[in-house]
Amino acid sequence: MSRLAQTAGLTDVQQEILATVRDFVDKEILPVATELEHRDEYPQAIVDGLKELGLFGLMIPEEYGGLGESLLTYALCVEEIARGWMSVSGIINTHFIVAYMLKQHGTQEQKDHFLPRMAAGDIRGAFSMSEPALGSDVSAITSKAVKDGEEYVLNGQKMWLTNGGTSSLVAVLVRSDEGHPEGTAPHKSMTTFLVEKEPGFGEVRPGLTIPGKIDKMGYKGVDTTELIMDGLRVPADRVLGGVTGRGFYQMMDGVEVGRVNVAARGCGVAQRAFELGVSYAQQRHTFGKPIAQHQAIQFKLAEMATKVEAAHAMMVNAARKKDSGERNDLEAGMAKYLASEYCKEVVEDAFRIHGGYGFSKEYEIERLYREAPMLLIGEGTAEIQKMIIGRRLLEEYRFQG
């Protein structure tokens with residue numbers, strides 16, 4: 001067990017789960033991650049292994065076949081997985097967000113139908129908010145659902161779906177003006193639909209097309225796609241929660257826990273970058289001694305380790321706050337912001353320690369250097385996190401004049 005990023009107060013069960021995941025990462029992910037990443041190959045064997053470990057049902061209640069664990073346990077597992085390969089933690093994350101939204105907001109029929117198969121990993125989840133013409137401005141969504149008898153007809157184009165091809169269930173956020181008069185605030189006229197589909201690319205069900213994988217700088221292996229709806233018919237009983245107009249709040253609840261996940265991913269990638277940097281610094285010699293003995297490198301290692309510890313502490317705090325049932329958008333925003341920024345900095349410092357070899361694809365740090373930037377964007381940019389943090393601080397420290 002590494003000396004950095006320890007978590008106090010864990011139960012024996014939590015420690016056993018983490019030890020199992022850590023062992024899986026060391027034996028099944030780290031040895032093959034860079035090779036698979038360079039080939040942009042979906043890690044099917046790794047995903048099958050995670051399925052056997054029960055990680056797809058980690059937070060799903062035991063009554064539906066899951067392990068019923070906390071957000072903290074899940075986040076710590078994600079940290080371990082991201083330490084091995086960040087893309088694999090992304091495969092888990094979108095599935096987890098959809099399962100969480102179902103658990104929190106789904107009808108009893110929807111929970112009974114989906115959660116047992118999601119816990120077993122037989123159904124894989126993805127969720128979709130963004131569109132080609134918008135980024136963080138969710139209120140500008142133009143994809144639309146129109147009521148037609150006992151069905152809704154969905155049209156529009158969505159963007160940046162993680163697991164878009166490999167998933168079999170997508171939670172899609174669209175506008176639904178039915179029952180919401182003109183002039184209704186945009187966030188009050190959005191609905192989340194549970195769209196079932198066949199895994200793969202092309203037309204995966206009538207009216208629904210997944211064009212193909214988007215070629216990315218990093219975050220490879222996992223499939224990131226568009227989603228095109230053209231006359232897609234969805235039964236009314238597949239409205240999440242059974243009532244239209246609640247989609248924005250449901251998605252934001254899911255993204256809030258997703259931000260803890262992204263923070264955990266940042267912690268895991270940063271920890272791996274530190275491990276690579278401190279190891280290389282003790283092997284590489286200049287001027288007659290290991291570069292780790294040069295003060296400049298020791299200062300860099302000290303800064304890196306401090307950032308790993310700080311990000312981990314904030315991530316754990318945000319997860320525990322959510323588990324307590326309290327509002328945690330402030331803590332989640334802070335954790336996501338700090339962990340992603342520190343991850344970028346720690347990875348770059350490890351890259352610098354490697355010198356010219358860091359630029360070679362033969363060394364693992366090259367992969368991490370391309371992966372870290374995704375965390376600056378995923379589940380809201382730094383600017384969005386600062387807006388959330390600033391507004392919450394003004395609520396907490398309202399001037400009484």
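Small disclaimer: the values here were computed from a predicted structure and weren't measured. Residue indices begin at 1 and follow the sequence shown.
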For this session: Check the pair H95 / S167 against side chain to side chain donor-acceptor pair (under 3.5 Å), numbers first and verdict last.
Result: CA-CA 8 Å; H95 175 88; S167 60; over 6 Å; no
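- Side-chain contact between N93 and Y74 is present, with at least one heavy-atom pair separated by less than 4.5 Å.
- A salt bridge does not link K220 with E37: none of the charged nitrogens is closer than 4.0 Å to a carboxylate oxygen.
- For the pair F351 and L368, the minimum side-chain heavy-atom distance is 4.5 Å or more.
- Atom CD of Q295 has 12 or fewer heavy atoms from other residues, nucleotides or ligands within 6.0 Å.
- Within a 6.0 Å sphere centred on CZ of R39, heavy atoms belonging to other residues, nucleotides or ligands number more than 12.
- A 4.5 Å side-chain heavy-atom check between C77 and I92 finds every atom pair outside the cut-off.
- Considering only heavy atoms from C-beta on, M118 comes within 4.5 Å of L102 through its side chain.
- With sequence neighbours excluded, no residue satisfies ring pair (Phe, Tyr, Trp, His ring centres under 6.0 Å) with F201.
- The pair D329-K336 does not count as a salt bridge, with every side-chain nitrogen at least 4.0 angstrom from each carboxylate oxygen.
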Distance-only donor-acceptor hits, side chain of residues 49-64, under 3.5 Å, sequence neighbours excluded:
residue, atom, partner, partner atom, Å
K51, NZ, D122, OD1, 3.1
Y64, OH, Q108, NE2, 2.9

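- The aromatic rings of Y280 and H354 lie parallel to each other, their planes meeting at an angle below 30°, with 60° marking the opposite boundary.
- In plain terms, the two heavy atoms of A5 and E79 that are nearest each other are CB-OE2, 4.0 Å.
- At most 12 non-hydrogen atoms from other residues, nucleotides or ligands lie less than 6.0 angstrom from NZ of K27.
- Between K307 and E303, no side-chain nitrogen of the basic residue sits less than 4.0 Å from a carboxylate oxygen of the acidic one, so the salt-bridge criterion is not met.
- When side chains are defined from C-beta on, K361 does not count as touching T34, because their heavy atoms never get closer than 4.5 Å.
- The number of heavy-atom neighbours closer than 6.0 Å to CZ of R205, taken from other residues, nucleotides and ligands shown, is above 12.
- No side-chain heavy atom of V257 sits less than 4.5 Å from a side-chain heavy atom of N328.
- Scanning all heavy atoms of the two residues, the minimum distance from P373 to M217 falls at CG-CE, 3.7 Å.
- A salt bridge (charged side-chain N to carboxylate O under 4.0 Å, His left out) with E331 holds for exactly one of K321, R320, R259; it is K321.
- Taking the ring pair (Phe, Tyr, Trp, His ring centres under 6.0 Å) definition, one finds that Y42 meets it with nothing, sequence neighbours left out.
- Within a 6.0 Å radius of CG in D237, more than 12 heavy atoms belonging to other residues, nucleotides or ligands are found.
- M101 CE to F114 CZ: the interatomic distance, rounded to the nearest 0.5 Å, is 12.0 Å.
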For this session: Give the intermediate values and the outcome of side chain to side chain contact (heavy atoms under 4.5 Å, CB included) for residues K144 and V174.
Result: CA-CA 5 Å; K144 194 169 183 178; V174 300; 5.8 Å; no
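- For the pair V260/K322, no side-chain contact is recorded, criterion being any heavy-atom separation below 4.5 Å from C-beta on.
- Using a cut-off of 4.0 Å between Lys/Arg side-chain N and Asp/Glu carboxylate O, K344 and E348 are scored as not salt-bridged.
- We find that E275 and R272 are joined by a salt bridge, their nearest charged nitrogen and carboxylate oxygen being less than 4.0 Å apart.
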